[in-house]
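Data first, discussion second: the structure below is written as structure tokens.
These numbers were taken from a predicted model, which means no experiment stands behind them. Below, all heavy atoms of this structure are taken into account, side chains as well, without hydrogens, waters or symmetry copies. Residue indices begin at 1 and follow the sequence shown.
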Amino acid sequence: YYTEFYVMNTGVATDNNVDITYIPGVVDGCTTGATGQTELNVSVPQFASINRNQEAQTALGAASVSGCEGYAGRFSGSAIITSDEPIVAVVNQHAPTYTKLATYNGFKSGDQEILVPQYMRGYYGYYSNIGITNPSDTQTATVDIIYTPSGTSNVVGPGETVETIT
């Protein structure tokens, strides 16, 4: 499995400078990618886009560390993309035997509360993960995850918003 993303310059300048910082995850004490990986001052012409295909970016792969050999050469994490002009980003997830598994948009910033509409564990052999990235260089984030098991229901009428679902 691998991902790729596109970044498009939607600003008014003929060129913009895009910086990409790759943040590996941590699973069971194992870092899931190389640390310190960045691309700085990537030029993107107005209304054009760049593509970054993780399959070709071998420098992102984790080192082989005792007890974490399963992550060697692999990357699972996030990318923080900044620009001096407005941008949009889209991510495609691929599997070797399929053309595309999923697509989602990048977003401008984080939030203090989010809802994950579907989280799977062993659902017809499929699993989900939740990647949480703290983009701050100085602030620590404390994260609480509350699961609502299947079989419970919450009724949300047309035009209504439910602030907390338990």
Side-chain angles (χ1 to χ4, degrees), residues 1-27 31-57 59-62 71 74-95 98-121 123 126-148 154 156 158-166:
Y1 297 93
Y2 66 95
T3 57
E4 67 176 345
F5 62 87
Y6 292 86
V7 178
M8 180 180 184
N9 174 2
T10 60
V12 296
T14 55
D15 265 333
N16 72 346
N17 289 309
V18 171
D19 292 341
I20 305 167
T21 303
Y22 298 93
I23 311 289
V26 176
V27 176
T31 301
T32 59
T35 59
Q37 297 297 305
T38 60
E39 293 183 62
L40 303 176
N41 301 313
V42 178
S43 179
V44 182
Q46 184 182 29
F47 305 128
S49 61
I50 59 166
N51 170 270
R52 292 299 183 261
N53 185 322
Q54 183 185 18
E55 190 175 39
Q57 292 181 288
L60 294 177
Y71 298 103
R74 301 173 185 227
F75 180 87
S76 179
S78 303
I80 298 173
I81 304 169
T82 58
S83 174
D84 57 2
E85 286 287 320
I87 57 173
V88 295
V90 64
V91 179
N92 296 313
Q93 294 179 330
H94 298 276
Y98 302 103
T99 53
K100 198 176 296 177
L101 290 175
T103 297
Y104 58 91
N105 296 328
F107 41 90
K108 185 175 179 173
S109 65
D111 206 333
Q112 293 179 328
E113 181 177 311
I114 61 167
L115 301 175
V116 177
Q118 183 175 3
Y119 185 75
M120 299 176 293
R121 184 185 184 286
Y123 184 76
Y126 291 95
Y127 293 83
S128 299
N129 76 333
I130 301 172
I132 301 169
T133 300
N134 177 2
S136 174
D137 291 332
T138 59
Q139 300 283 325
T140 299
T142 300
V143 178
D144 295 317
I145 300 175
I146 301 169
Y147 296 96
T148 302
N154 296 278
V156 182
E160 292 181 347
T161 301
V162 175
E163 293 297 325
T164 306
I165 296 177
T166 58

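Distance alone, capped at 3.5 Å, is enough to place a donor-acceptor pair between the Gln46 side chain and the Gly11 backbone. Of the possible donor and acceptor atoms, none in the side chain of Ser78 sits under 3.5 Å from a partner among the backbone N and O of Ile23. Under the 3.5 Å distance criterion, the side-chain polar atoms of Thr32 are matched with a main-chain donor or acceptor of Gly25. Between the side chain of Asp84 and the backbone N or O of Asn17, at least one donor-acceptor pair lies under 3.5 Å. Remark: side-chain polar atoms of Glu85 are paired, donor with acceptor, to backbone N or O of Val12 under 3.5 angstrom. A donor-acceptor pair is defined here as one N or O able to donate and one able to accept, closer than 3.5 Å; such a pair exists between the side chain of Asn9 and the backbone of Val44.
Residue Glu4 forms a side-chain contact (heavy atoms from CB on, under 4.5 Å) with just one option from His94, Arg52, Gln54, and that option is His94. Between Asn92 and the choices Asn51, Asn53, Thr103, the side-chain hydrogen bond (donor to acceptor under 3.5 Å, both in side chains) rule is met once, by Thr103. Screening Val91, Val88, Val90 against Asn105 for a side-chain contact (heavy atoms from CB on, under 4.5 Å) leaves a single residue, Val90.
At a threshold of 4.5 Å between non-hydrogen side-chain atoms, the residues Thr31 and Tyr71 do not count as touching. With contacts defined as side-chain heavy-atom distances shorter than 4.5 Å, the pair Phe5/Thr3 does not qualify. Residues Asn41 and Asp19 have side chains in contact (heavy-atom distance under 4.5 Å, counting atoms from C-beta outward). At least one side-chain heavy atom of Gln57 sits less than 4.5 Å from a side-chain heavy atom of Tyr22.
Across every non-hydrogen atom of Phe47 and Thr10, the tightest pair is CE2-O, 4.2 Å. Of all the heavy atoms in Ala95 and Tyr1, the pair that sits closest is CB-CE2, 3.3 Å. Taking all atoms of both residues into account, the shortest heavy-atom contact from Ala59 to Ala34 is O-CB, 3.3 Å. Scanning both residues, Ile50 and Ser43, for their nearest heavy atoms gives CG2-O, 4.3 Å. Nearest heavy-atom pair, Ile20 versus Ala79, reported as atom, atom and distance to 0.1 Å: CG2-CB, 4.2 Å.
Atom OG1 of residue Thr21 and atom CD of residue Gln37 lie 10.5 Å apart, to the nearest 0.5 angstrom.
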